[in-house]
2 protein chains.
Amino acid sequence: MITLYELAGRDPALRFSPYCWRVRMALAHKGLDATTIAWRFHENNSLPGQPATPRVPVLVDDGRVVAESGSIALYLEDRYSHGPSLFGGAGGEAHARFILAWADGILMPAMAPLVAPAVLPVLHPADQAYFRTSREARFGATFEQLDAERSERLHVLRALLTPLRMTLAKQPFLGGDEPSYADYGVFGCFQWARCVGAPPLLAEDDPLTAWIEEMLDLFDGLAGRATVVEPSYQGA
Amino acid sequence: MITLYELAGRDPALRFSPYCWRVRMALAHKGLDATTIAWRFHENNSLPGQPATPRVPVLVDDGRVVAESGSIALYLEDRYSHGPSLFGGAGGEAHARFILAWADGILMPAMAPLVAPAVLPVLHPADQAYFRTSREARFGATFEQLDAERSERLHVLRALLTPLRMTLAKQPFLGGDEPSYADYGVFGCFQWARCVGAPPLLAEDDPLTAWIEEMLDLFDGLAGRATVVEPSYQGA
């Protein structure tokens with residue numbers, strides 16, 4: 001019996017966290033069912049394990065509490081080693097660490113200023129002030145400034161995606177012929193933007209679109225069927 | 001009997017190509033000896049296999065000709081499968097492709113404008129005009145302009161190294177506890193800068209320095225013992 005605490009919007013069915021999507025995909029990869037529980041930023045004290053800094057995802061498996069998407073993926077790989085591998089062995093796991101570091105250290109910092117303004121209106125009202133304040137401090141810019149810089153930031157993001165395009169020109173998934181946790185790590189970021197209805201991040205002819213479609217179709221369309229906000233964001 | 005054609009400078013002992021270093025390290029990883037042959041850009045027609053575009057590395061193994069560092073690594077992994085693995089299995093190979101794409105598509109384009117001006121004076125005189133013309137066309141800037149932009153380009157390069165630092169904070173090598181071809185792919189770029197005596201690319205307190213030292217020490221100091229030009233480049 002697995003329970004997953006996920007970030008939710010005002011609509012409790014709207015689950016958009018990039019890190020929670022990594023875990024959702026990893027669970028499906030392992031063929032595991034989970035009960036998901038909506039959590040919002042202001043529900044500080046409702047997470048199991050009473051972490052000092054409340055953050056999702058948190059996974060509870062038969063009483064064991066595991067926090068942070070990367071740790072959860074390693075836990076699932078170890079605990080459910082009979083299922084399809086998330087990493088493809090020790091070499092795959094070591095090299096995946098770089099891809100996840102790229103996703104966290106390069107992709108998210110470039111993508112977040114483009115997506116965060118669209119996150120704001122879909123949040124629970126009690127989360128909005130916290131979200132705006134904390135993100136504006138992190139980015140060193142107001143959401144209105146981010147919107148004004150959008151075109152330039154989009155240009156930078158698209159250039160940073162070069163290694164993703166180069167890799168996926170050679171193989172269907174980052175994991176090779178089949179998707180791995182590296183795919184879920186990167187895809188979660190794009191699914192985040194999609195779920196909150198952020199304006200398009202990729203040019204229409206970007207070959208990455210085909211890979212994203214493949215990811216949306218995996219596991220009987222798990223990510224493709226998710227609740228999303230229609231793209232309607234018009235500026236902060 | 002393996003032969004490796006490598007780019008050389010005016011001094012035939014100076015072997016600085018980042019792609020050739022990848023192969024040198026891969027051969028050592030597999031415990032293979034090779035005879036290396038100096039090649040210069042102007043020796044167009046001297047490479048085995050008569051490629052349309054003469055480029056090194058080219059490896060000849062018992063009459064079989066294999067060009068391009070990535071193809072050579074895959075060839076060695078397949079042909080010498082009994083030796084230590086370069087990739088750590090299928091998952092490792094698939095994920096390594098992203099790291100190599102990052103090295104080729106992000107790291108090299110950011111590093112090359114900082115290193116190329118230092119390459120020029122170490123080249124064979126017959127190579128220098130070709131090198132300057134082709135590189136200035138590729139960068140869209142003269143070497144003198146590159147030197148003037150050095151500080152800003154250095155800043156960008158160091159920021160792009162974030163995922164490398166994040167990964168190596170968690171494990172000794174990109175390959176995990178032991179180096180893999182992914183390490184050689186990235187290290188080759190730094191060895192290139194080192195061999196031609198380019199001004200330092202990393203800040204003195206950059207934690208990547210420790211990883212580079214480890215790489216220089218591998219295989220009885222193979223890369224550390226290489227002929228280098230003393231850092232003396234003073235501008236184009």
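Every chain is numbered from 1, with letters handed out A, B, ... down the list of sequences. Side chains are part of it too, since the values below use all heavy atoms of this structure and drop only hydrogens, waters and symmetry mates. This one's a predicted model, so the numbers in the text were calculated from it and none came from an experiment.
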Residues 61-78 of chain B: residues contacting chain A (heavy atom under 4.5 Å, by number): none
Considering all heavy atoms, the nearest A/Ala116-A/Phe143 contact: O-CE2, 3.8 Å
B/Arg150/B/Glu144 ion pair, N-O < 4.0 Å: no
Side chain to side chain, B/Trp39 and B/Pro54, heavy atoms closer than 4.5 Å: yes
Chain A interface, residue from B/Ile99, B/Leu100, B/Ile106 that has the most non-hydrogen pairs under 4.5 Å: B/Ile99
4.5 Å side-chain heavy-atom contact, A/Leu4 and A/Val56: no
Side chain proximity check, B/Met108 to B/Pro18, heavy atoms < 4.5 angstrom: yes
Atom pair CD (B/Glu136) and CD (B/Gln145), whose distance is rounded to the nearest 0.5 Å: 8.0 Å
Closest contact, heavy atoms only, A/Ala110 versus A/Pro113: O-CD, 3.6 Å
Gap separating the OH atom of B/Tyr130 from the CZ atom of B/Phe41, nearest 0.5 angstrom: 5.5 Å
Selection from B/Gly91, B/Ala94, B/Pro109, B/Gly89 maximising heavy-atom pairs under 4.5 Å formed with chain A: B/Ala94
Residue A/Phe98 versus chain B: region with a heavy atom under 4.5 Å: both
Exercise: identify the closest heavy-atom pair between B/Ala96 and B/Phe87: CB-CD2, 3.9 Å
Atom of B/Cys195, atom of B/Trp21 and distance for their closest heavy-atom approach: SG-NE1, 3.8 Å
Within residues 151-171 of chain B, residues adjacent to chain A where the heavy-atom gap is under 4.5 Å: B/Ala159, B/Leu160, B/Thr162, B/Pro163, B/Leu164, B/Met166, B/Thr167, B/Lys170, B/Gln171
Where A/Val58 and A/Pro48 come nearest, the two heavy atoms and their spacing: CG1-CG, 3.8 Å
For chain A, which residues of residues 172-191 of chain B have heavy atoms nearer than 4.5 angstrom: B/Leu174, B/Gly175, B/Gly176, B/Ser180, B/Ala182
Student check: side-chain heavy atoms of A/Leu27 and A/Tyr80 closer than 4.5 Å: no
Sub-4.5 Å side-chain heavy-atom contact between A/Trp192 and A/Met111: yes
Short side-chain to backbone donor-acceptor contact, A/Ser134 and A/Phe131, under 3.5 Å: yes
Closest non-hydrogen atom pair between B/Lys30 and B/Pro84, with its separation: NZ-O, 3.0 Å
Separation between CG of A/Leu120 and CZ of A/Arg135, rounded to the nearest 0.5 Å: 11.0 Å
Nearest-0.5 Å distance, CH2 of residue A/Trp102 to CG of residue A/Asp104: 10.5 Å
Exam field: side chain A/His95 to backbone B/Gly92, donor-acceptor pair closer than 3.5 Å: yes
Residues in residues 206-225 of chain B near chain A [non-hydrogen atoms, under 4.5 Å]: none
